[in-house]
Amino acid sequence: MALPKKRKPADDDDDSSPSKLPLLLSVFAVLALSLGCIWYFFIRPGGADVAGKVALDGEPVKGAIVVYLPEGEKGQIVARTDDKGEYRLIGNDGPRIPPGKYKVAVTKEALRDGTMPTGEALEQARTAGQLGNWLPAKYETRETTPLVLDVGSGRNKINL
């Protein structure tokens, strides 16, 4: 004669186990926050992610100032190139900028010998008028730059 199997109590029958509801709510909140961040920074329609490289005579331009000037509007979006001549624009409302037409001005300030002072020496050189633009003058201002770009939504790689 076989003995009846002992019945295991169901999870709901055990009053000593903690509720799983707070854990489920926490997991849901983290998932919702993650999806919201992904949407805001990567998928959100209407914004333009702009990055590229500045080169002169095939060589990357380190420390150049890249200024995107919205056509017909005041304001500007500024980036500086890194050691590889690469830049990325950051808009006022996050990592993207509004799509549209932009004029682009590019300059690189340096001393007459081509070096760029830092810190207090930079401010002293600027005040003394010792810095000059090392790039062609036509790229210096909104009025003279020939660079007019149509920036679309999404990713834009724009080499200058």
Side-chain angles (χ1 to χ4, degrees), residues 21-160:
L21 183 61
L23 176 65
L24 290 173
L25 288 175
S26 297
V27 169
F28 178 74
V30 168
L31 181 62
L33 182 62
S34 299
L35 290 173
C37 287
I38 289 170
W39 177 84
Y40 183 81
F41 289 109
F42 300 106
I43 301 172
R44 179 175 55 154
D49 179 25
V50 179
K53 189 173 192 173
V54 176
L56 180 64
D57 299 328
E59 294 296 317
V61 179
K62 172 185 170 183
I65 299 169
V66 179
V67 183
Y68 275 63
L69 304 151
E71 191 173 83
E73 295 180 31
K74 291 183 179 181
Q76 59 187 16
I77 303 161
V78 180
R80 183 178 290 273
T81 60
D82 62 15
D83 290 343
K84 299 175 191 172
E86 296 175 350
Y87 72 95
R88 177 173 298 281
L89 295 181
I90 305 294
N92 295 331
D93 298 327
R96 294 179 174 220
I97 67 169
K101 282 198 179 259
Y102 288 85
K103 285 191 168 192
V104 181
V106 186
T107 57
K108 179 183 171 153
E109 286 185 319
L111 295 171
R112 288 184 183 93
D113 64 0
T115 61
M116 184 65 176
T118 58
E120 190 176 319
L122 172 63
E123 289 310 312
Q124 289 172 350
R126 187 172 283 138
T127 302
Q130 297 172 336
L131 297 176
N133 179 21
W134 276 75
L135 297 177
K138 68 180 178 180
Y139 298 109
E140 247 180 294
T141 67
R142 179 189 295 264
E143 292 75 29
T144 61
T145 184
L147 300 173
V148 180
L149 305 171
D150 192 10
V151 176
S153 293
R155 292 182 186 233
N156 294 264
K157 182 167 182 151
I158 301 174
N159 294 326
L160 306 168

Least distance between heavy atoms, N156 atom then A48 atom: ND2-CB, 3.8 Å
Check: E71 main-chain N/O paired with R142 side-chain donor or acceptor under 3.5 Å: no
For G152 against P99, the heavy-atom pair lying closest together: C-CB, 4.1 Å
side-chain contact (heavy atoms from CB on, under 4.5 Å) partner of V66, the single match among V61, V54, V78: V54
Side chain to side chain, V50 and I77, heavy atoms closer than 4.5 Å: no
Partners meeting side chain to side chain donor-acceptor pair (under 3.5 Å) with Q124 (sequence neighbours left out): E120
Sole candidate of V148, I97, V67 that passes side-chain contact (heavy atoms from CB on, under 4.5 Å) when paired with Y102: I97
Side-chain heavy atoms of T81 within contact of P60, under 4.5 Å: no
pair R88-D49: side-chain heavy atoms closer than 4.5 Å: yes
Ion pair check, K62 and D83, cut-off under 4.0 Å: yes
Spatial distance of atom NZ (K103) from atom CD (Q76) [nearest 0.5 Å]: 14.0 Å
Spacing of CD belonging to E123 relative to OG1 belonging to T118, to within rounding of 0.5 Å: 11.0 Å
N159 versus K53, closest heavy-atom pair with distance: OD1-N, 2.9 Å
Non-hydrogen atoms of G75 and P70 that approach each other most closely: O-CD, 3.4 Å
Spacing of CG belonging to L135 relative to CG belonging to L160, to within rounding of 0.5 Å: 10.5 Å
Neighbour count above 12 (heavy atom, 6.0 Å) for D57 CG: no
Contacts of Q130 that satisfy side chain to side chain donor-acceptor pair (under 3.5 Å) - sequence neighbours left out: none
Ring pair (Phe, Tyr, Trp, His ring centres under 6.0 Å) involving Y87 - partner list, sequence neighbours excluded: none
Student check: side-chain heavy atoms of L131 and L122 closer than 4.5 Å: yes
Minimum heavy-atom distance between L111 and W134, given as atom pair plus value: O-NE1, 2.9 Å
Heavy-atom closest pair, residues A105 and E140: CB-O, 3.6 Å
Check: Y139 and N133 side chains under 4.5 Å, non-hydrogen atoms: no
